[in-house]
Amino acid sequence: MAATSEIPAISALSPGRASRGMSASAAASRRRSTLPSMSPVRVRFAPSPTGFFHIGSARTALFNWLYARHTGGTFILRIEDTDKERNREEYLQLIYQSLTWLGLNWDEGPRFGASGGGDHGPYRQSERAGLYTEYVNRLRDSGRAYEKDGAIWFRLEGERREVFDEHRKKTVTKVDAPPVVIDDRIRGRVERVEDEDFVIVRSDGNPVFHLVNVVDDIAMQVTHVIRGEDHLSNTSKHVRLYEGFGVPPPVFAHIPLILKQNGPGKMSKRDQGALIEEYQRRGYLPEALVNFLCLLGWNPGDDREKLPLAEIVRLFDLPGVNQSNARFDDRKLAHMNQTYLLELPADAFVARAREQYGRAGEAGAPALAAAADYFRAVVLLCQPKLKGLEELPAYAAHFFTEDFPIDAKVREKVLAKGDPWARLDEVLAALPGLDFGSDLALEEGIKALATRCGLGFGDYQSVVRLAVSGTNVGPSLTGMMRVLGRERVQARLARLRSTR
RNA sequence: GCCCUCAUCGUCUAUCGGUUAGGACAGGAGAUUCUCAAUCUUCAAAGCGGGGUUCGAUUCCCCGUGGGGGCGCCA
């Protein structure tokens, strides 16, 4: 397949970072835009379908996507399904769905919706076995690979000696080789010694991650490898493999990890709030999640936090990515989601609300059965009050049934103050004369009633709210009355009075 | 244990050696009024420690300490 001579010398174009202590110089260069490159940028996101799609994977995908879009390059999705034991079809589908939901469309890769295609396929490693064999044979031919214990090993170059490893409690063959120098776009110069031969094909004949990852990046002509810092230690192996194939390595950019919210360690699939699927289910807005994820390890260089994706694409660059790990904060994410929700245009909000009711199962049925314009009026009334779409079905339940509960504690509290029964009767009496045309008209009508009785709006508010909604919190009272309409309001007021 | 890496409010972060160390989330107080939110005002909150370099270090260097990652015939 891809001959060595076809591979452009990408690394020669990489400016990298001058020195390890590069905070100052990095700061100077971090706002600099990407240098012109002779070869178009090709990045890839390479997940394995062995578990739920989580937030760390999403951010890795996002940063690759952003870099591709920023540079006008190509974003490739490659499925690393070489672990036959753990691969699951449903996890594969979840990768496609989650990326699509987040809006991270891929230019090359398996076809899904509008994404996928490309002429460097197939894009599933399980379908590329022939290529790996070919590359392994190249290593064998050049004496860089050998068989031992039924597996195939990559041979490092250098003096060999036997050493007893105390930690692993076994004798290993060490190779004296010069350190591998990695010119990382985010971390600067990283040196690491790779001093043991390693397996590239298991004794069962399946190639291992290091091999397939490098072979595919060569074959797919990947120019920039953007991945989590947990791969930094692997990179020395990968660089040696590139050397073994006689191909210049790509530009590496190791992004910081996301740490779990509570307790030690990086975020994993088991942690609270880790699953993309869950945000989708809870009605989080993908644009809010994407915005939040961008800010975990990157910033636009000023105080802005909520910014349009197009603006992020314009500003995003590798040197601007932070070097330190970030702790996940679901409260900040919730806040971001709320601000997006508040600013959502009416039509979009109504559509999202309908989706959320769809996910709510039986609890959502009455709302979905309601007239479209009534549904619309209800959810738009609630929009400015919600923290998340997730709350909507419960928050608005009383709009869609006359059989809503009256909160006993609230009832007691409301009825304890003043003379609410009298107020209720007054409103009931005034109801035929009230103008239900607008919130303002209703407010003026009630205020006029209050003035006649020598009272204020507040004297009516809580008891009418209780009658109409069964509780003491909710949207604007006049808004609720307007949306419910005169007949329903009257029935509800009468219902409460009958419980005296 | 070895290797790599990182280090500013509780959290996410800004700062191209000189700032009253800024913003956001979370928290406190207040304003607003039609409840709850939202909004507005406001308070509290940080340079891990020790050495250097420098007229001057949060910033550059070194050593500690602490966090994170890796050390698989997982990816």
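The chains referred to below are lettered A, B, ... by the order of the sequence lines, with proteins before strands, and numbering in each begins at 1. Keep in mind that this is a model prediction, so the values were computed, not measured.
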Quiz item: Does one side chain, of A/Tyr279 or A/Asn337, offer a donor that lies under 3.5 Å from an acceptor on the other?
Solution: no
Quiz item: If you look at every strand shown and take non-hydrogen atoms under 4.0 Å, does A/Gly228 touch a base, only sugar-phosphate, or nothing?
Solution: nothing
Quiz item: Across the strands shown, which category fits A/Gly150 at heavy-atom distances under 4.0 angstrom: base, sugar-phosphate, nothing?
Solution: nothing
Quiz prompt | Spacing of the C1' atoms in B/rA14 and B/rG68 (rounded, Å) | solution = 23 Å
Quiz item: In this structure, which one of A/Arg227, A/Glu229, A/Gln323 forms a side chain to side chain donor-acceptor pair (under 3.5 Å) with A/His254?
Solution: A/Arg227
Quiz item: B/rU41 and B/rC48: how far apart are their P atoms, nearest whole angstrom?
Solution: 31 Å
Exercise. Report yes or no: is there a donor-acceptor pair, N or O only, under 3.5 Å between the side chain of A/Ser233 and the base of B/rC71?
Key: no
Quiz prompt | Any N/O donor-acceptor pair, A/Lys385 side-chain to B/rU35 base, under 3.5 Å | solution = yes
Quiz item: Is any side-chain heavy atom of A/Ser236 closer than 4.5 Å to a side-chain heavy atom of A/Val239?
Solution: no
Practice problem: Please measure how far the P atom in B/rA44 lies from the corresponding atom in B/rG51, and state the result in whole Å. | Solution: 31 Å
Practice problem: Would you classify A/Ser324 as touching base, sugar-phosphate or nothing, given that sugar-phosphate means primed atoms plus P, OP1 and OP2, and contacts are heavy atoms under 4.0 Å? | Solution: sugar-phosphate
Self-check item: Pair of N/O donor and acceptor under 3.5 Å linking B/rG23 base with A/Glu305 side chain
Solution: yes
